[in-house]
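By convention in this document, chain letters (A, B, ...) are assigned in the order of the sequence lines, proteins followed by strands, and residues within each chain are numbered from 1. A quick note: this is a predicted structure, and the numbers were derived from the prediction, not measured.
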Amino acid sequence: MTATMKSTVDVSNSAVQNLTIGKAINLGLRTAMEADSKVIVLGEDVGKLGGVFRITDGLQKDFGEQRVLDTPLAESGIIGTAVGLAVRGFRPVCEIQFEGFIFPGFDQISSQLAKLHYRTQGKIKVPVVIRVPYGGGIGAVEHHSESPESLFAHVAGLKVVSCSNPVDAYWMIQQAITTDDPVLFFEPKRLYHSGNLKAPVDPSATPDPLFASRVVRTGTAATLVAYGPSVKVALDAATAAEEEGTSLEVIDLRTLSPLDLDPVFESVRRTGRLIAISEAPGESSLTSEIAARVQQECFYSLEAPVLRVTGFDTPYPPTKLEEDYLPDLDRVLHTVDRSLNW
Amino acid sequence: MTATMKSTVDVSNSAVQNLTIGKAINLGLRTAMEADSKVIVLGEDVGKLGGVFRITDGLQKDFGEQRVLDTPLAESGIIGTAVGLAVRGFRPVCEIQFEGFIFPGFDQISSQLAKLHYRTQGKIKVPVVIRVPYGGGIGAVEHHSESPESLFAHVAGLKVVSCSNPVDAYWMIQQAITTDDPVLFFEPKRLYHSGNLKAPVDPSATPDPLFASRVVRTGTAATLVAYGPSVKVALDAATAAEEEGTSLEVIDLRTLSPLDLDPVFESVRRTGRLIAISEAPGESSLTSEIAARVQQECFYSLEAPVLRVTGFDTPYPPTKLEEDYLPDLDRVLHTVDRSLNW
Amino acid sequence: MSSPEQWTHPEPGAGPAATAAAPTPEQVIAGLRTTSEGGAELTQLLTPEGERIPSAQFDPYVSDVDHEALRGLYRDMVLVRRADRESNAMQRQGQLGIWVPLLGQEAAQIGSGRALKPTDMAFPSYREHGVAYTRGVDFRELLGIFRCTDHGGWDFKRHGFHPYTIVIGNQVLNATGYAMGQKFEGKVGDDDGEATITYFGDGATSQGDVHEGFVWAAVYDAPLVFFCQNNQWAISEPTERQSRLPLYQRARGYGFPGIRVDGNDVLACLAVTRWALEQCRHGNGPVLIEAFTYRMDAHTTTDDPTRYRLSDELEEWKLKDPIERVRAHLARGGGADQAFFDQVQAEADQFAAELRDHVFNMPDPPPDRIFSNVYAEPSPVLEAQRREYLAYLDGFAGSEH
Amino acid sequence: MSSPEQWTHPEPGAGPAATAAAPTPEQVIAGLRTTSEGGAELTQLLTPEGERIPSAQFDPYVSDVDHEALRGLYRDMVLVRRADRESNAMQRQGQLGIWVPLLGQEAAQIGSGRALKPTDMAFPSYREHGVAYTRGVDFRELLGIFRCTDHGGWDFKRHGFHPYTIVIGNQVLNATGYAMGQKFEGKVGDDDGEATITYFGDGATSQGDVHEGFVWAAVYDAPLVFFCQNNQWAISEPTERQSRLPLYQRARGYGFPGIRVDGNDVLACLAVTRWALEQCRHGNGPVLIEAFTYRMDAHTTTDDPTRYRLSDELEEWKLKDPIERVRAHLARGGGADQAFFDQVQAEADQFAAELRDHVFNMPDPPPDRIFSNVYAEPSPVLEAQRREYLAYLDGFAGSEH
Ligand SMILES: Cc1ncc(C[n+]2csc(CCOP(=O)(O)OP(=O)(O)O)c2C)c(N)n1
Ligand SMILES: Cc1ncc(C[n+]2csc(CCOP(=O)(O)OP(=O)(O)O)c2C)c(N)n1
Ligand SMILES: [Mg+2]
Ligand SMILES: [Mg+2]
């Protein structure tokens with residue numbers, strides 16, 4: 001079974017649009033802004049240009065310069081003012097142009113955004129969303145291809161999610177915006193405009209909860225867990241494996257913090273094997289956490305150790321080499337074999 | 001066997017001094033500055049005041065204002081200029097006043113310090129040491145008790161170490177300074193001035209390598225792995241357990257990145273059980289990495305899953321509650337029991 | 001010998017560039033850092049001797065301050081100083097984990113705080129106990145922070161007083177965002193406009209966040225008063241370690257006004273802050289105020305200033321005491337008699353006694369508090385940790401632990 | 001209608017505060033952003049028409065620039081422009097992953113770069129191909145970055161030219177540290193002193209790191225020239241989004257000189273940079289230079305400027321072309337004849353052809369490169385990853401993969 005989202009959609013519904021991930025986020029943002037006048041978008045080049053990826057395309061034109069702000073060029077400023085705007089009652093949605101440029105804002109994220117609610121025991125809420133295009137595969141120069149999500153998963157007080165398909169993209173961005181907690185929203189940039197991933201988005205559907213993982217393909221021999229851009233890799237691997245007679249289950253993590261590992265535990269108890277996939281370096285990362293928790297929860301079910309297919313523990317290499325660096329179908333299948341032959 | 005460092009020291013040697021961790025780092029810094037005129041110390045209040053913990057006490061007086069710099073108050077500035085000084089040929093040792101204030105410098109650390117060597121394929125070396133007093137237990141206000149070391153372990157290109165006793169403190173700081181890579185040097189602040197931990201430091205001894213873990217107590221029933229301030233907790237737990245007839249092995253990690261897990265693997269193959277201890281929140285952390293790698297390397301040796309005793313996945317609480325938050329002897333022993341009874 | 005005060009900016013391209021000003025070793029040894037004089041551009045309405053100096057520009061902003069109002073300001077300052085000293089003492093007695101004294105900065109805090117309207121918002125650093133008091137925050141509510149039982153518990157919205165912020169500079173950006181919000185909501189434009197004030201120290205001016213706050217506020221015309229209390233020290237570092245120029249001149253580079261006020265003159269602080277807030281209310285913000293003052297005590301109770309500064313400096317500043325000059329002015333001008341001063345002192349003692357009583361009886365938080373309100377919408381992972389830990393604690397119940 | 005150019009800083013406390021300057025919608029629509037005029041304080045030695053304007057202050061700094069030298073500068077600019085265009089074209093042909101054009105900024109880069117001595121150090125951003133060229137970096141060595149085969153491979157020390165830095169503002173602090181090192185080593189004090197220059201854009205001025213660089217350099221008297229190429233745009237954002245004031249005035253707040261130079265005037269850039277470097281060599285640094293110029297092409301080859309700016313603006317700036325004015329000056333003054341111009345063009349074509357040839361034949365790096373030189377002292381963990389991955393790749397050898 002290939003449980004893409006498409007199957008459930010009524011394509012005769014005229015509100016249904018066939019969208020890429022990029023357009024789905026754009027529509028999600030627009031819908032959220034229409035629903036609540038306190039939702040504002042801010043970042044570098046998000047206004048007239050519509051962002052370097054055009055994710056905020058048209059929003060400034062329609063909502064004006066006070067709801068879509070082309071800010072000065074400084075990420076601590078973007079996030080720090082967003083915190084203040086949230087204290088005032090706004091629901092800011094910040095765009096960080098590329099994940100590699102989130103670090104000047106790290107302090108505001110970890111010292112204020114993550115802690116204000118705890119510090120004030122809920123008297124102050126900071127419903128800020130930080131949108132972060134992330135991941136590799138676009139042939140870019142340095143700092144444009146990284147996967148820093150584990151850093152934020154480690155910082156208590158933040159919520160971290162990542163979408164992998166247009167339907168989730170559309171809903172998850174809206175859910176993130178209505179969540180009263182700060183949410184780091186990681187977007188798989190190389191899939192933004194992927195026509196292959198286009199899917200009908202039905203605004204009248206009932207979405208899955210934001211902080212829930214989802215089995216996107218059922219299988220029996222081993223489980224693959226992935227998120228964001230790696231979900232496609234996992235699904236492709238499962239398709240390829242099926243041709244060779246191996247049935248793989250695929251779980252889209254969706255929420256990276258808090259982790260929703262119950263579906264993973266349940267799956268591993270059936271398959272006995274788990275491969276966790278991520279583009280980020282493996283060291284002290286989200287995939288480490290998954291392995292740590294699964295080996296504990298499923299100790300007697302595991303037929304092989306949890307294995308990981310990740311970026312290497314190096315800075316992101318010159319992108320002529322990114323195909324080697326990034327987990328791909330071959331490395332996933334190779335690792336499945338290792339697991340099966342353990 | 002309690003393998004403290006004391007046993008091997010010839011106390012009749014007149015150069016041997018009985019030092020706290022704080023004084024040992026001070027002496028190590030002094031020794032490094034005497035050995036190499038390119039070593040300079042910089043940070044907030046490190047000069048006249050000798051640092052808020054007095055770790056740099058007396059250095060400015062003896063080495064002058066151009067080698068011990070009271071810098072303006074900004075961490076990105078401290079680290080960013082240290083990178084430039086290193087490019088010029090200096091070996092800067094930065095002090096971050098408390099770990100909670102390292103975040104404004106995160107960008108310079110991850111974008112420049114960690115990557116310049118790789119970016120230039122070794123044509124530029126950045127032998128910068130960043131000293132970070134870290135951890136809880138001092139009854140402080142917010143941002144003064146955290147354990148952010150996992151974040152840096154996840155950033156490729158950095159090396160991360162932590163000392164747990166005066167002898168290591170003395171040697172490791174010097175080794176970190178002579179290392180041609182950037183080193184994050186995490187210092188267990190609550191033990192700085194602990195008289196109980198005082199130990200004879202012999203400058204003529206041969207130190208262990210910097211990037212090596214060490215078995216500090218041998219045992220048979222289970223292995224405890226810890227670093228920095230938690231090593232004392234682990235050793236205390238082992239002592240208590242021994243009284244009840246349980247023999248615990250204790251490993252001081254010392255190097256957090258790269259991890260030197262061979263001694264851990266070797267130990268777990270003998271004991272079959274591992275408990276990893278750290279004050280940091282467990283989520284997507286160093287202890288996750290340890291668990292992930294041990295379950296893979298020692299899959300058939302583990303009698304129980306790797307268990308962890310860590311800070312909770314919350315911001316550091318008001319310090320009236322830190323005794324509850326921090327891993328202590330009771331929680332460690334409780335977890336040992338869980339492991340033994342798995 | 002150049003000093004930060006005398007140094008002036010050369011016109012672009014004209015003449016030689018200048019170098020950083022620092023006191024000579026002799027000056028330092030003599031305790032004669034130039035920073036004890038505020039310079040020609042210092043705005044002052046009450047001299048240290050209690051003499052009222054007229055100011056065409058600022059008198060209108062304090063025309064309502066009659067003797068009664070001045071007695072009120074006096075009382076404010078005496079009360080917060082008393083509470084500050086009491087807290088300092090309680091720390092010495094082990095009742096507080098740490099204390100951050102405001103001693104010497106009463107005028108800067110009371111003057112600026114009393115300039116605010118209820119609809120205004122203040123973003124403090126960690127030393128603004130006096131401002132907290134003007135915002136109606138019960139002093140007792142501050143002390144949980146320093147007893148380490150909580151991170152601050154007052155009603156931030158009702159008091160228009162944001163939580164204390166310890167990471168240097170952070171609050172300046174947060175305040176900027178808040179002020180932008182006031183603007184976006186159309187709350188500026190006339191006398192009834194809203195405004196925001198944010199507090200930070202001389203050391204903080206070096207942080208990138210403070211700069212970015214300046215950039216943002218300028219570009220968005222945010223109704224924000226940057227209130228820098230230059231108390232001459234950032235822990236052990238004198239202001240020369242942060243800047244060549246007097247700090248109020250930093251505003252020059254951003255295109256909004258910067259002004260230096262005598263931070264030990266409560267009347268001048270009130271007037272200048274009212275003026276600055278008025279600019280903001282009318283949409284002409286931001287404004288930078290440098291309140292030139294002095295940290296009379298240690299940085300915190302864990303600090304030892306004898307390691308880095310000489311008592312001569314302190315002695316010089318004692319002559320500029322913010323409370324004494326108001327007392328002198330009131331006494332000489334017939335604004336108050338001894339009975340008044342005695343009564344304020346009695347009130348202050350009462351205030352301190354209540355504080356002490358409160359602190360000594362402050363309950364410790366329950367372990368459960370570790371886990372509470374990390375998120376607005378609870379995390380199941382964390383809930384499980386909470387349950388597990390509480391069950392673990394239950395296991396000790398009745399045991400010898 | 002206020003503009004950033006006309007706005008002046010009110011004296012502290014005097015008069016009303018000002019508000020942020022932004023062009024009216026009409027101005028924007030008309031392509032008439034005030035930024036096309038450098039204002040009264042612009043230092044210019046060669047007009048767009050090629051006329052030489054005398055300057056008492058700066059003429060001494062270019063007294064050695066005779067016709068021959070000027071021909072050299074002309075040649076430099078033509079060559080780097082040609083290489084820039086060639087690289088842009090190669091990106092369009094898929095030979096480069098991205099290109100960052102310098103079109104329009106040749107004078108700022110060649111003028112400032114040629115002011116440097118071999119012992120000086122330059123810290124570029126990512127657009128300084130012209131500066132790289134003046135530092136003797138083979139243009140071909142730059143292109144690996146944009147072909148994505150490496151992150152820059154020249155000999156940084158030998159050329160006195162630091163790696164390109166992409167994270168906005170980072171290099172400014174690194175340069176500050178380097179310059180502090182020059183000072184600490186006693187390499188400043190006279191004409192033979194060393195100095196450092198760092199490049200950044202108008203957008204970068206908003207970053208905290210740039211501010212901190214200003215603070216540090218001022219406090220430590222670092223021999224550092226802050227060279228801001230204000231090309232009017234930070235991708236799609238005009239300079240008004242970053243500042244109320246002309247950027248050179250930012251220096252006012254820190255106590256070092258700031259100067260605005262016509263960034264399209266190679267002679268003025270040379271003179272002003274030499275002056276600034278001289279200040280630094282003698283220990284009077286830092287100095288801020290704002291080179292007022294224009295980004296004639298897109299931000300990068302992935303950018304589409306038609307979405308945010310009108311071609312009128314471009315047309316206006318075309319009249320200020322940095323190369324044309326030198327050509328006019330040389331031609332009119334008898335400094336060069338057509339044969340010279342033809343020959344330079346031929347050289348440039350040859351230069352471009354070699355570049356193209358080089359790029360087309362650039363080998364891909366081996367997979368092993370992923371793991372190499374992450375550390376100076378190898379990490380066993382990473383070495384194991386390398387071995388494992390290479391063994392894995394070996395597994396494919398001979399297979400259909
Ligand atoms: C980012 C950051 N770095 C370091 C510190 C430690 N620290 C606390 S107060 C202080 C000095 C602050 O000086 P200043 O800004 O002048 O304020 P003051 O304490 O004098 O009121 C320092 C370095 C901190 N709190 N935050
Ligand atoms: C910290 C950071 N944030 C965002 C970016 C993405 N970015 C690259 S160039 C640029 C605009 C820079 O403008 P400016 O400083 O004027 O330099 P210019 O490109 O015009 O030369 C932006 C936002 C980045 N490289 N680094
Ligand atoms: Mg201060
Ligand atoms: Mg620009």
Using a cut-off of under 4.5 Å on heavy-atom pairs, state which of [options] scores highest against chain A.
{"options": "B/E75, B/K115, B/Q108", "answer": "B/K115"}
{"options": "B/P305, B/A304, B/A156, B/P318", "answer": "B/P305"}
{"options": "B/W342, B/F312, B/Y118, B/F299", "answer": "B/F299"}
{"options": "B/E142, B/E146, B/E283, B/E297", "answer": "B/E283"}
{"options": "B/S110, B/P148, B/G157", "answer": "B/S110"}
{"options": "B/P281, B/G100, B/A280, B/P258", "answer": "B/P281"}

Quick one: what part of [X] sits under 4.5 Å from any heavy atom of chain A, side chain, backbone, both or neither?
{"X": "B/E149", "result": "neither"}
{"X": "B/S76", "result": "neither"}
{"X": "B/S150", "result": "both"}

For this session: Could you tell me the separation between the CD atom of A/Q97 and the CD1 atom of A/I102, rounded to the nearest 0.5 Å?
Result: 13.0 Å
For this session: Take A/S288 and B/S288 through the test side-chain hydrogen bond (donor to acceptor under 3.5 Å, both in side chains) and record every step on the way to the result.
Result: CA-CA 5 Å; A/S288 327; B/S288 327; 5.8 Å; no
Could you have a look at [options] and say which one has the most heavy-atom pairs with chain B under 4.5 angstrom?
{"options": "A/H143, A/R293, A/R119", "result": "A/R119"}
{"options": "A/S285, A/S284, A/S111", "result": "A/S284"}
{"options": "A/V306, A/L286, A/L259, A/T314", "result": "A/V306"}
{"options": "A/G105, A/A291, A/A153", "result": "A/A153"}
{"options": "A/Y316, A/Y300, A/F101", "result": "A/Y300"}

Exercise. Do A/S147 and A/E99 have side-chain N/O donor and acceptor atoms under 3.5 Å apart?
Worked result: no
Exercise. Can A/S162 and A/Y134 be counted as having a side-chain donor-acceptor contact under 3.5 angstrom?
Worked result: yes
Shortest non-hydrogen separation from [X] to [Y] and the atoms involved:
{"X": "B/A212", "Y": "B/D260", "value": "CA-OD2, 3.3 Å"}
{"X": "B/V268", "Y": "B/T223", "value": "N-OG1, 4.1 Å"}
{"X": "B/K189", "Y": "B/I138", "value": "CD-CD1, 3.6 Å"}

For this session: Flag the pair A/K125 and A/D180 as a salt bridge only when some basic side-chain nitrogen lies within less than 4.0 angstrom of an acidic carboxylate oxygen.
Result: no
Exercise. Under 4.5 Å between any side-chain heavy atoms of A/L151 and A/F103, yes or no?
Worked result: yes
Exercise. Of the backbone (N, CA, C, O) and the side chain (C-beta and beyond), which part of A/L256 lies under 4.5 Å from a heavy atom of chain B, both, or neither?
Worked result: backbone
For this session: Run the numbers on B/R308 and B/T335 for side-chain hydrogen bond (donor to acceptor under 3.5 Å, both in side chains), then give the verdict.
Result: CA-CA 8 Å; B/R308 299 187 272 164; B/T335 310; over 6 Å; no
